[in-house]
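Here's the structure we're looking at; comments come further down.
Everything numeric in this text was worked out from a predicted model, so none of it was measured. Computed from heavy atoms alone, side chains included, the values below leave out hydrogens, waters and symmetry copies.
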Amino acid sequence: MDLKKSENQTSLIFCVNGEKFELSKVDPSTTLLEFLRTQTQFKSVKLGCGEGGCGACVVLISKYDPLLDRVEDFTASSCLTLLCSIHGCSVTTSEGIGNSKKGFHSIHERFAGFHASQCGFCTPGMSVSLFGALVNADKSNFPDPPPGVSKITVSKAEKSIAGNLCRCTGYRPIADACKSFAADVDMEDLGLNSFWKKGESKESKLNKLPRYDRDHKNIEFPMFLKEVKHDLFIASEKHSWNKPTSLEELQSLLELNHANETKIKVVVKNTGMGYYKDKQGYDKYIDISGISELSKIKTDQSGIEIGAAVSISKAIEALQKESKSDFISDFVMILEKIADHMSKVATGFIRNTASVGGNLVMAQKNKFPSDIVTILLAVDSMVHIMTGAKFEWLALEEFLQRPPLSFESVLLSIKIPSTELYKSESSETRSSRFLFETYRASPRPLGNALSYLNAAFLVQVSPCKDTDGTMIDTCRLSFGGFRNKHAIRAKHVEQFLSGKLLSVSNLYEAINLLTDTAAITPQDETSTHGYLSSLAVGFIFQFFNSMIESPARISNGYLNGYTHLPLAEASNIKDQKQIKHNKFSTLLSSGKQVLEAGTEYNPIGEPITKSGAALQASGEAVYVDDIPSPTNCLHGAYIYSEKPLAKITSIKLGHELELDAVRDILTSKDIPDGGENLGAKSSFGTEPLFAEEIARCVGERLAFVVADTQKLADMAANSSVVDYSLENLEPPILSVEAAVERSSFFEVPPFLRPKNQIGDVSKGMAEADHKIVSAEIKLGSQYYFYMETHTALAVPDEDNCITVYLSSQSPEFAHSTIARCLGIPENNVRVITRRVGGGFGGKGMKAIAGAVSCALAAQKLQRAVRMYLNRKTDMIMAGGRHPMKITYSVGFKNNGKITALDLEILVNAGIYPDVSAIMPRKIAGALKKYDWGALSLDIKLCRTNHPSRSALRGPGDTQGSFIAEGIIENVAATLSMEVDSVRSINLHTYTSLKKFYDDSCGEPLEYTMPLIWNKLAVSANYEPRVDKVKEFNRLNIWKKKGISRIPVLFELSLRPTPGKVSILSDGSVVVEVGGIEMGQGLWTKVKQMAAFALGTIQCNGTESLLDKVRVVQSDTLSMIQGGLTAGSTTSEASCAAVRLSCNTLVERLQPIKKQLQEKKSSIKWEDLILQAYMQAVNLSDSSYFVPGSNSVKYINYGAAVSEVEIDLLTGETRFLQTDIIYDCGQSLNPAVDLGQIEGAFIQGLGFFMLEEYETNLDGLVLQDGTWNYKIPTIDTIPHQFNVEILNSEHHQRRVLSSKASGEPPLLLAASVHCATRSAVKEARKQLLSWSNSDDGSDSAFQLGVPATMPVVKEVIGLDIVQRYLKWKMDNK
């Protein structure tokens, strides 16, 4: 059948924020994100990952359903949504919800007011996720709440952003902004905000929140879209998009394509592309979402049938609805649990569009590690397949075992049969019932992470006639989540258990049977094989043991948790009512904030909201990639080395690429005469822009492909074929041990070397009662995960000049590197940076190469060139935090007092120097936080064939502080002492502090550590909680808690920084600083400083000066010597520079004020400025703050108590509570500092507990996207997060007595790791007691970093269940 265009809709019609778009020509592979960012003015949708894994690109899609005559609103990932699939839909972005022109939405205002936006790159996506949840909650038939509040619940409000990632805030303030909309919110639970002061009534607080309108008039569905025909046929020369509306039409299309051998892609909503990237183009796209048979859900007595195109969200809704119907109670319970498990798959905005059928087909064809397949397998589901004109029903199990589904075959629906259909005959006579449970062990409790292993068990049980036990009549045990094979059933275990009495011995045998065969956990996943096997055992044990321990639980069908309940009669199985369970508190996060606002230097010290926060939330804040492309702009992408050390013999592009769209491929040969092959330079050394003949690490830049679009440039780079030769090359150095063997080191300049000896170590060792000799600690790397990857835009200008817009922490360094590479004077180059979407050190040296590449291409081609690095390439090239190997010997007394410490530290610095030379001093600085008696240090920077490592928030200090804790833990374990006592006895006195920190210790009054340490013990209720933890551990077998308190000392130094203040004729003020705003609130503090310092002139109107101050972008020609925004102190240094300029201006204004005062007593600020203009007074001043020798360095102090709970069966760690006290001096802005403290802590939590950033044997990173790199999310932060900012004494040498807050709090996150270690220690002790050997010989063990679920589980013991059951049987 030839589909004539006239029969179908041939234009794509949709709306964005009320604006109509009608397109007749579309490349069907275009995503909604791509269209919005390149063809519209709506830039609030950001590209964070391109995989649907971060939420930065979330939009609200509204779609009319003619059958139900209603509009459906759902959030979706625009990076995966194909543009053609939104035909007839209305799209709303964050600008569409509200904006600065028409008025911000209350979501934007509350995000700003709750201090919930820092770099702001993720905030528009967060805003839309929350908005979608509010819109749908307000459609529900719940009773109307009071005006200004949504019908949403607190729990749903928090979970609305569970799929959105944020690297800056630590989530707590975001959760508060979300919760503030909920009808059931406890106003006392909402943290620091700019709406109300402490102690106000609930009524008053509610009235002060920005009003929320439940009518949502701003997103009314355009009426004309209701008339749009739903079928769609769009064809271009090479591609077409078909949207059939019947199965017959679909069959015809598939037959036609089979005959023509066209490449087709069948799509519902394309979410699979997040996991399986499109490496090739397709001739034809067939959108099957318009076929009504595939979108239906049918229910009858035989079960529930779900159409293959039904979204996971709709399936969940239907299953929850059916669970309230008149199905028999066992089946109701099963449907409810399936729905509950499905709600932990992916994220809300993916579940809204991903289809159930698509999930099953990916699992069947590509072995996708699906949760849904596993749970459906356990309940004996069926699938309906159409192949040509043939229709057949198959068991899901058979469907999985068949060869991959061919293109002619289409999955139509999935059926979950009613439990009535699979009751065993033997149980008919007895009072039997079904028990069902699903399991998933995953790094994130609420989804947005693949599970390590998932399982579902359906068992039919009945009371045994002869005993009071329980008989297993039949069982279905399914396991899945494997990366390279389908979900399977453990049939040998099913057969063994069927017909058996439930008992400890039978369970023990079943578990041995499960582990004896490799059927459940594939052997080739060697690194995790033991862990997966252990999880499978844990799930089986958890399921059956709860029935053995407490048969009463069988009666309610809900086997949640595994704490021991009183035994009950098995006859209770008959007909008790179902009881719903709620495992954890509904709140994901809660917290208390204690801080004092300073009043002395008003408005400094006030917790004012971050400058531009509402603009960031609405998506109007402009980042580099939001700048509209100049005419004929080109786009670049890198071809990088995939070998750690190899000669490059040739680079070619893949044949299938349309070369007319690729404009050039630049290599080192394209560096102009007089220029240098320079990709980065610092005072420590340089790095080439491109490898010249030899690539020296995986990820080294080989070439820069320039094409018409970013998509084409990326495709061209991906298609490239690089030929390598290893001839006459030594093997690469890929470990610190190999670097030592071959003496491959970087030199550390003398001024950066720490003292390698403090005190007499040999004397200290001689005085010791005990020694630990040559113990080892290993620390891995961490990736920055800034939400905005590296990006630059270079625009050529007249007279061989060039302007580069760059996301960078060091525009000045980029400026001089561009000039040297192009061989032009520095005054021909201008680098502009307005704001950075997250930096954390990764946009320092590492951002320079992108700027230089774009500038080089722009100069050569005389066209603007821009680049937005894709997440995978960014992760491969980033380098990240420095891994290291530590060997130490320590001597100590019987009471835990350490007398001497000798350390050798090997740091993996990668291939080029970058800023690695700072590492030895930084490591030593944080390591010296305890009084070691005497200390000897040998730190080597190893040069290896890895990408060069760079500074990552708290570089060196993070590792140094952790090493100190590791040593303290080991000493305590050796002495069998409480770790906290060993910490306390080794804290510095002021005398020892002076010995270890001779040039930064400050005055005795400034040493606040002892005060913080004792204050925290009281405020965090430390001692009573230690006792409670002990009691909990005594009573619980399968959960253990740990609690830990640690101190942090962090050495900081200020750098010279420029500033410039200009007062315009209307009295408004413009400020420029060298420091870059990247979310840390630098602009906000600078604004406060300018308002304070200019306000000292004391005129009428100076009290509102804050609103008159604007801080503008960094421009390297307007403000030179901007330096590097890093090391936590740039905000205060920038404030100091601005204060100098303001003081000069005030001096110039004083005589004018005097003159005016002679005529009238009160003078308005505006009149004063006007008069100064008339008298030709210079009202612009540039300054350069250079810290004095006595104020350049200081120490920051803080301490934290963290409490965790570990699950012994899965290795999961729940972060229950963290209490922090942190000394900010006199905080310049407590709200900004609080955000820095919380955000840094959560980033540290990621390093110590969650984020794996490993490499293969060639040095290629294994974690290269959101699928396998897991930063903290709202469900993996401490449930209770309390922070107190200590406003300590005046520090005359500080900037208005303030202290930094950006990096030091990150180190406090080691308290979570230490608490986890404490819980693991209890678990190991328990394990030893089952072996009847409690001699304490087990005290020393290593808990790796990060302490992920597999790491924790392995240290607890992979065979813990078997040993418990054996102990139980032996002690009957």
Tell me whether [X] contacts the main-chain N or O of [Y] through its side chain, where contact means a donor paired with an acceptor under 3.5 Å.
| X | Y | answer |
| --- | --- | --- |
| Thr833 | Leu806 | yes |
| Thr1096 | Ala1093 | yes |
| Trp1165 | Gly1067 | yes |
| Ser810 | Gly844 | yes |
| Lys1299 | Ile1195 | yes |
| Thr989 | Ser992 | yes |
| Arg949 | Gly879 | yes |
| Asn1196 | Ala1300 | yes |
| Ser1068 | Leu1064 | no |

Least distance between heavy atoms, [X] atom then [Y] atom:
| X | Y | value |
| --- | --- | --- |
| Ser950 | Lys846 | CB-CE, 4.0 Å |
| Asn1229 | Pro607 | OD1-CA, 3.4 Å |
| Ala814 | Ile848 | CA-CG2, 4.0 Å |
| Val836 | Ser807 | CG1-OG, 3.5 Å |
| Ile1285 | Cys1224 | CG2-CB, 3.6 Å |
| Val748 | Pro920 | CG2-CG, 3.9 Å |

Q) side-chain contact (heavy atoms from CB on, under 4.5 Å) between Phe1247 and Gln1243: does it pass, once the steps are laid out? A) CA-CA 7 Å; Phe1247 174 61; Gln1243 196 166 12; over 6 Å; no
For residues [X] and [Y], determine if any side-chain heavy atom of one lies less than 4.5 Å from a side-chain heavy atom of the other.
| X | Y | answer |
| --- | --- | --- |
| Gln1080 | Thr1125 | yes |
| Ser682 | Asp914 | no |
| Ser948 | Ser916 | no |
| Pro1305 | Gln1236 | no |
| Val1071 | Lys1087 | no |
| Leu1149 | Ile1063 | yes |
| Pro811 | Ile1076 | yes |
| Met884 | Ile923 | yes |

Q | Reference residue Asp957; test salt bridge (Lys or Arg N to Asp or Glu O under 4.0 Å); the match among Arg921, Lys929, Arg881, Lys922 | A |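 Of Arg921, Lys929, Arg881, Lys922, salt bridge (Lys or Arg N to Asp or Glu O under 4.0 Å) with Asp957 is met by Lys922 alone.
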Spacing of [atom1] belonging to [X] relative to [atom2] belonging to [Y], to within rounding of 0.5 Å:
| X | Y | atom1 | atom2 | result |
| --- | --- | --- | --- | --- |
| His115 | Leu192 | NE2 | CG | 4.0 Å |
| Leu952 | Thr958 | CG | OG1 | 8.0 Å |
| Asn1287 | Ser1298 | CG | OG | 10.5 Å |
| Leu1286 | Ser1227 | CG | OG | 11.5 Å |
| Leu1145 | Leu1179 | CG | CG | 6.5 Å |
| Ser1062 | Glu1072 | OG | CD | 7.0 Å |

Counterpart residues, ring-ring contact (aromatic ring centres under 6.0 Å, His included), relative to [X] (two or more places apart):
| X | result |
| --- | --- |
| Tyr784 | Tyr786 |
| Phe1241 | Phe1281 |
| Tyr930 | Trp932 |
| Phe996 | His988 |

Q | Exceeds 12 heavy-atom contacts within 6.0 angstrom, atom CG of Leu1117 | A |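 Atom CG in Leu1117 is crowded, with more than 12 foreign heavy atoms closer than 6.0 Å.
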Q.
Are there over 12 heavy-atom neighbours, none belonging to Tyr805, within less than 6.0 Å of that residue's OH?
A.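 No.
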**Q.** All pairs passing salt bridge (Lys or Arg N to Asp or Glu O under 4.0 Å) where residues 1124-1151 contributes a residue, at least two apart
**A.**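 Residue pairs passing salt bridge (Lys or Arg N to Asp or Glu O under 4.0 Å), neighbours aside: Arg1148-Asp1181.
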Q. Looking at Tyr623, is Arg834 sitting on its ring face, NZ or CZ under 6.0 Å from the six-membered ring centre and within 45 degrees of the normal?
A.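 The answer is no; the distance or angle limit is not met.
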Q: Please say which of Glu812, Arg830, His815 ends up in a side-chain hydrogen bond (donor to acceptor under 3.5 Å, both in side chains) with Thr1116.
A: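 Result: among Glu812, Arg830, His815, His815 is the only option passing the side-chain hydrogen bond (donor to acceptor under 3.5 Å, both in side chains) with Thr1116.
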Q. Can you list every pair that meets side chain to side chain donor-acceptor pair (under 3.5 Å) and has a residue in residues 995-1007, with sequence neighbours left out?
A.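 Applying side chain to side chain donor-acceptor pair (under 3.5 Å) to every pair that reaches into residues 995-1007, excluding sequence neighbours, yields Lys755-Asp998, Asp999-Lys1193, Ser1000-Glu1051, Glu1003-Arg1293.
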Q: Could you please spell out the steps behind the side-chain contact (heavy atoms from CB on, under 4.5 Å) verdict for Glu1238 and Leu1234?
A: CA-CA 6 Å; Glu1238 292 179 335; Leu1234 175 72; 4.0 Å; yes
Quick one: list whatever passes salt bridge (charged side-chain N to carboxylate O under 4.0 Å, His left out) with [X], sequence neighbours left out.
| X | value |
| --- | --- |
| Lys1015 | Glu1284 |
| Asp1233 | Lys1085 |
| Lys610 | Glu1077 |
| Glu747 | Arg753 |

Q | Any pair counted as ring pair (Phe, Tyr, Trp, His ring centres under 6.0 Å), so long as it reaches residues 1072-1095, sequence neighbours left out | A |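 Non-adjacent pairs meeting ring pair (Phe, Tyr, Trp, His ring centres under 6.0 Å): Tyr601-Phe1092.
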Residues 1053-1060 side chain polar contacts: donor-acceptor under 3.5 Å, at least two apart:
residue	atom	partner	partner atom	Å
Arg1055	NH2	Leu1124	O	2.7
Arg1055	NH2	Ala1126	O	2.6
Thr1057	OG1	Arg1055	O	2.9

Q: Mind running side-chain contact (heavy atoms from CB on, under 4.5 Å) on Arg953 and Gln782 for me, showing each step along the way?
A: CA-CA 10 Å; Arg953 203 175 195 169; Gln782 182 183 22; over 6 Å; no
**Q.** Derivation of the side-chain contact (heavy atoms from CB on, under 4.5 Å) call for Tyr1194 and Leu1052
**A.** CA-CA 5 Å; Tyr1194 65 90; Leu1052 291 141; 3.6 Å; yes
